[in-house]
Structures are given as C-alpha cells and as structure tokens.
Amino acid sequence: MTAFIANAQPSAIAPQNYQQMLKKGIDVDWWGRSEKNKYGAYSETAVKRFAQQGIKHVRFRLHHYRFTDEDFKRLFSQINTCMQNDLIPVIAFSAKPYKENPNAEEHEKVVEWWKMMAEKCKELSPKVSFDLIVEPSDKVKKDVAELNSLYEDCVAAIRKTNPKRIIFIALRSCLILKVLNP
C-alpha cells in the first residue's frame with residue numbers, strides 16, 4: 001500500500017477548506033453499471049486525463065452491498081491512482097434497493113455497508129470523503145423521517161472508526177423544489 005492509505009487520519013480537513021479543494025469534479029461508474037458510464041472504464045490513463053482536463057475530484061458510485069477483499073484491493077488501487085494524480089476521491093453509495101423500498105431490512109443493509117466501508121477506510125487520507133446516498137429518489141424521497149433516520153444511523157456507524165471523515169448528506173430532490181418554489 002502507498003503512503004496515501006498507510007497514514008491513519010492525521011488531521012481533519014475543515015469543511016470550508018474541503019469545499020475549496022473539490023472544485024470541478026465528475027461521477028465515475030467504474031463499479032458495475034457500465035451501460036451508464038459515459039466516461040469509460042477505469043484505467044490509470046483515464047485518471048491522468050481527468051487531471052489534465054482540470055478535474056479535481058471523482059465520485060466513485062458504488063452499487064453492490066457485498067464488497068470482497070478483492071473489491072477493496074481494487075478500490076484502494078483506484079483511490080491511490082487518483083490521489084497520485086491530485087484527484088480527490090469521494091466514495092458514494094447508490095443504495096438503489098433501499099431507495100426503491102425503504103424498509104427496515106434495506107435500512108440495516110445500508111448502515112452495515114457504511115459500517116464495513118468505514119472500518120476498511122479508516123486508514124485512508126482525510127481527503128477521501130463519503131457520500132451516504134447518491135441522489136435520494138424513488139420511494140425514499142417521500143419518507144423524510146426514514147431518510148433522516150438512515151442518515152443518523154449511518155453517520156453514527158461511520159463516526160465510530162472515522163471521527164473526522166467528511167460526510168456528504170444529500171437532500172431529497174422534492175425538498176429542493178419546495179425551497180426554490182415556495
């Protein structure tokens with residue numbers, strides 16, 4: 001493992017500073033939904049091209065509940081390549097089954113996924129951040145109490161091993177519309 005992973009979170013990054021660091025970024029789907037991946041498959045060359053084009057962060061859209069040791073090895077390799085090219089990695093979970101059917105069982109699966117991800121990522125650079133759910137939609141956007149409960153449970157699970165990690169929490173899209181159109 002490289003120095004990017006080998007350092008235990010040495011210090012926190014203030015959210016305002018992190019926001020300034022992010023600048024222009026893109027979503028990448030290097031993890032299983034290639035039909036929707038308009039930027040192509042993962043390669044070191046692709047990462048270098050993103051950096052050359054002025055991209056400053058990439059959001060890894062992860063889709064699968066089960067992550068193997070090989071998956072983590074692959075993820076950490078991709079994160080290291082990004083960090084070596086001055087791209088900030090954001091780990092994001094799609095949680096599609098939960099968004100479509102926000103019940104207690106799916107809720108617990110998402111919390112357990114983040115608990116596992118946080119444990120495995122606790123040694124990563126503080127530049128690596130977590131995005132709890134990619135764009136809350138479907139049925140979950142209609143259940144604010146459930147979505148808030150999930151966020152609380154995920155943050156609590158993450159904070160046990162990653163007390164300083166930056167965490168993104170997305171608003172439901174219909175809430176934004178109400179704010180824009182009172």
Side-chain angles (χ1 to χ4, degrees), residues 13 15-16 18-42 46-47 50 53-67 71-72 74-75 78-79 82 87-118 120-121 124 127-159 162 165-182:
I13 299 172
Q16 301 85 351
Y18 195 75
Q19 182 181 12
Q20 294 301 314
M21 293 165 58
L22 289 175
K23 299 185 181 179
K24 182 169 64 170
I26 60 168
D27 283 355
V28 293
D29 191 358
W30 296 329
W31 285 85
R33 291 178 47 209
S34 59
E35 74 278 1
K36 294 187 177 193
N37 184 7
K38 59 186 171 189
Y39 298 111
Y42 168 79
V47 172
F50 291 152
Q53 294 171 0
I55 301 295
K56 295 297 180 189
H57 75 275
V58 293
R59 183 168 73 158
F60 290 78
R61 295 177 69 129
L62 303 178
H63 310 286
H64 308 292
Y65 280 110
R66 293 195 175 118
F67 239 68
D71 291 332
F72 277 108
R74 179 177 155 206
L75 177 63
Q78 292 174 357
I79 287 171
C82 288
L87 295 178
I88 296 170
V90 178
I91 297 173
F93 191 44
S94 71
K96 187 173 172 102
Y98 171 76
K99 291 189 289 190
E100 292 173 347
N101 189 18
N103 60 41
E105 181 181 345
E106 291 299 327
H107 177 119
E108 188 58 31
K109 285 180 182 178
V110 174
V111 173
E112 286 300 313
W113 191 91
W114 276 113
K115 182 179 177 183
M116 171 200 59
M117 187 62 63
K120 293 285 191 173
C121 294
L124 294 179
K127 286 185 177 181
V128 178
S129 60
F130 295 158
D131 183 353
L132 295 184
I133 295 184
V134 176
E135 300 149 11
S137 58
D138 301 315
K139 290 182 181 177
V140 77
K141 75 179 180 184
K142 297 174 184 168
D143 192 344
V144 177
E146 168 53 33
L147 186 57
N148 285 337
S149 173
L150 178 83
Y151 285 156
E152 288 175 21
D153 292 346
C154 288
V155 169
I158 291 167
R159 288 292 176 238
N162 291 255
R165 179 91 44 212
I166 297 280
I167 298 173
F168 290 91
I169 298 175
L171 297 172
R172 355 174 259 143
S173 57
C174 60
L175 177 66
I176 294 169
L177 293 175
K178 288 180 184 176
V179 171
L180 295 176
N181 300 311

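Nothing here was measured: the structure is a model prediction, and the numbers come from that model.
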Can you tell me if Lys99 has over 12 outside heavy atoms packed within less than 6.0 Å of its NZ?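 Yes, NZ of Lys99 has more than 12 neighbouring heavy atoms, counting only those of other groups under 6.0 Å.
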
Counting C-beta onward and ignoring hydrogens, is there a side-chain heavy-atom pair between Asp153 and Trp114 closer than 4.5 Å?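 No, too far: nothing below the 4.5 Å cut-off.
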
Got Val140 and Ile133 here, is their nearest side-chain heavy-atom distance under 4.5 Å?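 No, side chains not in contact.
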
Can you give me the closest heavy-atom contact between [X] and [Y], atom names plus distance?
X: Cys82; Y: Val58; answer: SG-CG2, 3.7 Å
X: Gly25; Y: Ile55; answer: CA-CG2, 4.0 Å
X: Leu22; Y: His57; answer: O-ND1, 3.0 Å
X: Pro136; Y: Lys141; answer: O-CB, 4.1 Å

Working to the nearest 0.5 angstrom, can you tell me the gap between [X] [atom1] and [Y] [atom2]?
X: Asn162; Y: Phe130; atom1: CG; atom2: CZ; value: 4.5 Å
X: Cys154; Y: Lys115; atom1: SG; atom2: NZ; value: 12.0 Å
X: His64; Y: Ser94; atom1: NE2; atom2: OG; value: 8.5 Å
X: Leu150; Y: Tyr98; atom1: CG; atom2: OH; value: 4.0 Å
X: Arg61; Y: Ile26; atom1: CZ; atom2: CD1; value: 11.5 Å
X: Ile166; Y: Gln19; atom1: CD1; atom2: CD; value: 10.0 Å

Going by salt bridge (charged side-chain N to carboxylate O under 4.0 Å, His left out), name the residues that satisfy it together with Glu146, two or more places apart in sequence or in a different chain.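 Expected list: none.
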
Using a 3.5 Å distance criterion without hydrogens, assess whether the side chain of Arg165 forms a donor-acceptor pair with backbone atoms of Val128.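 The answer is yes, because a donor-acceptor pair under 3.5 Å joins these two groups.
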
Would you confirm whether Lys56, through its side chain, and Ile88, through its main-chain N or O, come within 3.5 Å as a donor-acceptor pair?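 No: the side chain of Lys56 does not pair with the backbone of Ile88.
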
Tyr65 and Phe93 aromatic ring geometry - parallel, tilted or perpendicular at 30°/60° bounds: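 Rings of Phe93 and Tyr65: perpendicular, over 60°.
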
Name all residues meeting the side-chain hydrogen bond (donor to acceptor under 3.5 Å, both in side chains) criterion together with [X]; count only those two or more places apart in sequence or in a different chain, and write none if there are none.
X: Gln20; value: none
X: Asn148; value: none
X: Glu135; value: Arg59

Any salt bridge linking Lys109 with Glu106? Criterion: basic side-chain nitrogen under 4.0 Å from a carboxylate oxygen.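 Yes, this pair counts.
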
So, using ring-ring contact (aromatic ring centres under 6.0 Å, His included) as the criterion, who are the partners of Phe168 when residues are at least two apart?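 Testing Phe168 for ring-ring contact (aromatic ring centres under 6.0 Å, His included), a comparison that skips the adjacent residues, returns none.
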
Going by ring-ring contact (aromatic ring centres under 6.0 Å, His included), name the residues that satisfy it together with Tyr18, two or more places apart in sequence or in a different chain.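 Not a single residue meets the ring-ring contact (aromatic ring centres under 6.0 Å, His included) criterion with Tyr18.
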
Apply side chain to side chain contact (heavy atoms under 4.5 Å, CB included) to the pair Leu62 and Met117, showing each step before the final yes or no. CA-CA 11 Å; Leu62 303 178; Met117 187 62 63; 4.0 Å; yes

Report the residue from Ile167, Val110, Leu132 that forms a side chain to side chain contact (heavy atoms under 4.5 Å, CB included) with Tyr151.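 Looking at Ile167, Val110, Leu132, the match for Tyr151 under the side chain to side chain contact (heavy atoms under 4.5 Å, CB included) is Leu132.
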
